[in-house]
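On a predicted model such as this, the values are computed, not experimentally measured, just so you know.
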Amino acid sequence: MFEGILPAIITPFHQDSGASLDIEGLRSNIESLLQRGIHGIVPCGSTGESATLTFEEHEQVISETVGVVNGRVPVLAGTGSNNTAEAIRLTRSARDAGADGALVISPYYNKPNRSGLIKHFTKLADLDLPIILYNVPGRTGQNLQPDLVIELARHPNIVGIKEASGDITQISRIIEGTRDEDFIVLSGDDAMTLPVLALGGAGVISVTANVDPGRMVQMYEAFRGGDLARAQDLHYELSALMRAMFIDTNPIPVKKAVELIGRAAGPVRLPLDELDDQKTEQLRKVLVNYD
């Protein structure tokens, strides 16, 4: 179900004192992505500033996303937390809103032990919604080791992982160890999409696809169609944009990029701050070559 190019969408805000949700902008952005052929939508991930959304905003963004998508592609809702009870609430709400699955980050800051991680993810998987684990050690301070992921993959509702460790050997080991399971590996880094696909991965949860979804989709489809040379060409065409998305903390650059190409974005919420003038100009120069 969850394969191909799945943009981790930004959450647009109004330019008001509270940076309130821009629901019309959210709907418009989603529709634009759907028209460009993306294979799924991921609201309320790191790129969607989930850490600064209230419970009510979080639930509204997921509900609106499900409504706009209306079954055209799968919706994989970010519902993770470092508090298991909060993650249960958000995952249950996403299930009830009609999301097709939940993207669940490993608990950050707490650094739980192995048995705690197993219990945390198992409680969420027992809510009867497909779960994609999310491993991003750079944000959580803890790496989900391959042997743990392979063990969790045996749960029928834990159906995949977004792997953003940046360790290709680790990614290969997870794919190798879950080949007999109904389990997928999605790249968590745009620049590693093609290598992960070559290892047997299913696609990418993408930041870059907020800006140039069409070319990301073309790269994936070229690879799946057996045209590796074309996929490589597109990878290198996209490389400058992929790098530009991380000239500052995600989602600061991508949100500015979306604004610069004329779509709904608005400010980032504190404690993130806006892209400075020098980096904005750097980003503007890169965007000349993308749509």
Side-chain angles (χ1 to χ4, degrees), residues 1-2 6-11 21 40-66 74-145 148-165 174 178 183-186 188 205 207 250-251 269 271-272:
M1 179 186 293
F2 305 111
L6 293 83
I9 59 173
I10 65 165
T11 302
L21 288 180
I41 290 277
V42 183
C44 295
S46 305
T47 307
E49 296 178 79
S50 59
T52 58
L53 299 178
T54 66
F55 278 121
E56 293 73 22
E57 289 172 331
H58 197 122
E59 291 165 350
Q60 184 180 5
V61 168
I62 291 170
S63 177
E64 292 286 350
T65 301
V66 170
V75 174
L76 180 63
T79 63
S81 172
N82 67 335
N83 179 327
T84 303
E86 290 182 0
I88 288 171
R89 169 180 168 168
L90 292 171
T91 303
R92 185 181 287 123
S93 175
R95 179 198 65 193
D96 295 346
D100 299 285
L103 177 67
V104 180
I105 196 167
S106 60
Y108 39 88
Y109 187 77
N110 309 44
K111 299 183 78 171
N113 57 9
R114 181 187 177 89
S115 61
L117 286 168
I118 291 171
K119 289 177 180 178
H120 174 81
F121 288 121
T122 299
K123 280 184 175 290
L124 297 173
D126 286 345
L127 294 173
D128 199 27
L129 183 70
I131 298 294
I132 300 287
L133 311 173
Y134 179 14
N135 185 38
V136 55
R139 285 186 180 266
T140 65
Q142 186 173 40
N143 184 37
L144 294 181
Q145 296 294 331
L148 174 64
V149 175
I150 292 164
E151 179 176 344
L152 289 167
R154 299 187 187 117
H155 192 295
N157 286 334
I158 297 178
V159 301
I161 186 169
K162 174 185 176 182
E163 238 297 339
S165 66
I174 292 169
T178 58
F183 189 86
I184 63 168
V185 175
L186 295 162
I205 295 178
V207 175
N250 181 50
R269 282 182 174 173
L272 299 182

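At least one side-chain heavy atom of Thr79 sits under 4.5 Å from a side-chain heavy atom of Val104. By the 4.5 Å heavy-atom criterion applied to side chains, Cys44 and Leu53 are counted as neighbours. Contact annotation: the side chain of Thr52 approaches that of Pro271 to within less than 4.5 Å [non-hydrogen atoms, C-beta and beyond]. Side-chain contact between Glu59 and Arg89 is present, with heavy atoms from C-beta onward closer than 4.5 Å. Using a 4.5 Å cut-off on side-chain heavy atoms (C-beta onward), Leu76 and Pro74 make no contact. The closest side-chain heavy-atom distance from Val207 to Ser46 is not below 4.5 Å.
To the nearest 0.5 Å, the span separating CG on Asp100 from CD1 on Ile41 amounts to 11.5 Å. In this structure, the separation between CG on Asn82 and CD on Gln142 is 11.5 Å, given to the nearest 0.5 Å. The structure places CD1 of Ile62 at 13.0 Å from CZ of Arg95, a figure rounded to the nearest 0.5 Å. For the atom pair CG of Asp96 and OG1 of Thr91, the computed distance is 10.5 Å after rounding to the nearest 0.5 Å. Rounded to the nearest 0.5 Å, atoms CG (Asn110) and OG1 (Thr140) are 10.5 Å apart. Here CD1 of Ile9 is found 11.0 Å from CG of Leu6. Values are rounded to the nearest 0.5 Å.
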ask   = So Ile161 and Phe183, side chain to side chain contact (heavy atoms under 4.5 Å, CB included) or not? Walk me through it.
value = CA-CA 8 Å; Ile161 186 169; Phe183 189 86; 3.9 Å; yes
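The backbone N or O of Pro251 lies less than 3.5 Å from no partner atom in the side chain of Glu49, so there is not a single donor-acceptor pair.
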Show the atom names and distances, to 0.1 Å, of all donor-acceptor pairs under 3.5 Å that link a side chain in residues 119-138 to residues at least two apart or in another chain.
residue	atom	partner	partner atom	Å
His120	ND1	Thr84	OG1	2.7
Thr122	OG1	Ile118	O	2.6
Asp126	OD1	His155	NE2	2.8
Tyr134	OH	Lys162	NZ	3.4
Asn135	OD1	Leu144	N	2.9
Asn135	ND2	Asn143	OD1	2.8
Asn135	ND2	Glu163	OE2	2.9

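Shortest non-hydrogen contact noted between Pro112 and Leu117 is CG-CD2, 3.5 Å. The heavy-atom pair separating Pro43 from Val61 by the smallest distance is CB-CG1, 4.1 Å. Considering all non-hydrogen atoms of both residues, Ile174 and Thr178 come closest at O-OG1, 2.8 Å. Taking both residues in full, the closest heavy atoms of Ser81 and Glu86 are given as OG-OE1, 3.0 Å, listed atom of the first, atom of the second, then distance. Closest of all the heavy-atom pairs between Ala97 and Ser63 is CB-CA, 4.3 Å. Closest approach of Ile184 to Phe2, counting heavy atoms only: CD1-O, 2.7 Å.
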